[in-house]
Amino acid sequence: DADADVIKVPTGTTNVEIVGNLSVGGTISGAGKILQVVNAALLADTNTTSTSYTSTGLSVTLTPTSSSSTVFITLQGGGGQISSGSSLKLTILRGSTDIAPNHSLISNVFSDADTHFVTHSIAVLDSPNTTNSTTYTVHMKTNTGTIQFCNSDKGNPVLTAFEIAG
């Protein structure tokens, strides 16, 4: 039977579960397709008093399949604690290159009360122009006092990188 190995998914289907392995015999091509996704969560409480960017310990590594690929990086969720007068700033580095210097204000939270818990949200597109292993790391800093990037009782931040065909 010619259709013995064909799976047809009806229009309007929102979830498809594949049990076992899925392999593609051929090439998935076309710009905009997601080629791979990697993510990591930070599970430990993480604090700093540094006024210079320092690593949070949250990172992901991927090896782009093409030098023309774009990588979409998101930082979501989690919760940190800051005290009165403190400011939390975040950015994302590819190796030692800051790829989100203008996005750090998205997670710039200033507290004028005793304590605030904050969630994080950064999204940035990167063009690493390489097929070498590439690491993205979240960095944090404060203006004064102690800030907390992750309070595991309030949720864990997740860093995700999507390789998108160029």
Side-chain angles (χ1 to χ4, degrees), residues 14-18 21-22 28 30-83 86-111 115-166:
T14 57
N15 293 310
V16 175
E17 180 179 355
I18 298 172
N21 296 322
L22 173 67
I28 298 174
K33 294 192 182 304
I34 295 177
L35 302 176
Q36 64 176 309
V37 179
V38 293
N39 68 9
L42 189 63
L43 304 177
D45 292 355
T46 308
N47 304 307
T48 191
T49 57
S50 178
T51 55
S52 299
Y53 280 115
T54 185
S55 176
T56 62
L58 179 57
S59 66
V60 294
T61 300
L62 65 81
T63 302
T65 58
S66 170
S67 60
S68 65
S69 292
T70 299
V71 180
F72 179 57
I73 302 105
T74 64
L75 170 67
Q76 298 296 319
Q81 177 177 329
I82 59 176
S83 34
S86 294
S87 168
L88 167 63
K89 284 196 175 187
L90 301 172
T91 195
I92 299 173
L93 273 63
R94 175 188 6 96
S96 60
T97 302
D98 189 344
I99 62 164
N102 297 322
H103 292 78
S104 64
L105 294 178
I106 294 171
S107 288
N108 181 21
V109 178
F110 183 81
S111 173
T115 301
H116 282 313
F117 289 96
V118 297
T119 59
H120 315 300
S121 178
I122 294 178
V124 64
L125 282 172
D126 183 40
S127 297
N129 299 313
T130 187
T131 56
N132 294 329
S133 178
T134 305
T135 299
Y136 295 94
T137 307
V138 179
H139 283 68
M140 64 181 167
K141 72 177 181 178
T142 183
N143 63 331
T144 185
T146 300
I147 55 121
Q148 186 174 54
F149 170 67
C150 177
N151 180 321
S152 56
D153 290 340
K154 304 297 181 205
N156 303 99
V158 176
L159 183 63
T160 305
F162 303 81
E163 180 189 2
I164 302 169

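Atoms considered below: every heavy atom in the structure, side chains included; atoms not considered: hydrogens, waters and symmetry mates. Model, not experiment: these values are computed from the prediction.
In plain terms, the two heavy atoms of P64 and N132 that are nearest each other are CD-O, 3.3 Å. In terms of heavy atoms, S66 sits closest to S68 at OG-OG, 2.9 Å. Summarising the geometry of S59 relative to T135, their closest heavy-atom pair is CB-CG2, 4.1 Å, with the distance given to 0.1 Å. Closest heavy-atom contact between T63 and E163: O-OE1, 4.2 Å. A pairwise comparison of heavy atoms in N156 and C150 identifies ND2-SG, 4.0 Å as the closest pair. Among all heavy-atom pairs drawn from P101 and T91, the shortest one is N-OG1, 3.9 Å.
Residues Y136 and D126 bring a donor and an acceptor atom of their side chains to less than 3.5 Å of each other.
With contacts defined as side-chain heavy-atom distances shorter than 4.5 Å, the pair T134/V71 does not qualify. A 4.5 Å side-chain heavy-atom check between I73 and I99 finds at least one atom pair inside the cut-off. Within the 4.5 Å cutoff, the side chain of L90 has heavy atoms near those of the F149 side chain.
Between the Q76 side chain and the T160 main chain, no donor and acceptor come within less than 3.5 Å of each other.
Atom OG1 of T74 is separated from atom CG of L125 by 11.0 Å, given to the nearest 0.5 angstrom. Between the OG1 atom of T54 and the CE atom of M140 there is a distance of 6.0 Å, given to the nearest 0.5 Å. For the atom pair L62 CG and N39 CG, the distance stands at 11.5 Å (nearest 0.5 Å). Put simply, OG on S52 and NZ on K141 are 7.0 Å apart, with the number rounded to the nearest 0.5 Å. Remark: L42 CG to L159 CG distance equals 10.0 Å, nearest 0.5 Å. Taking OG1 from T137 and CG from D98, the interatomic distance works out to 11.5 Å, rounded to the nearest 0.5 Å.
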Could you walk me through whether L58 and L75 satisfy the side-chain contact (heavy atoms from CB on, under 4.5 Å) test, starting with their C-alpha distance in whole Å, then the side-chain angles of each, then the deciding distance to 0.1 Å, before giving a yes or no?
CA-CA 10 Å; L58 179 57; L75 170 67; 3.8 Å; yes

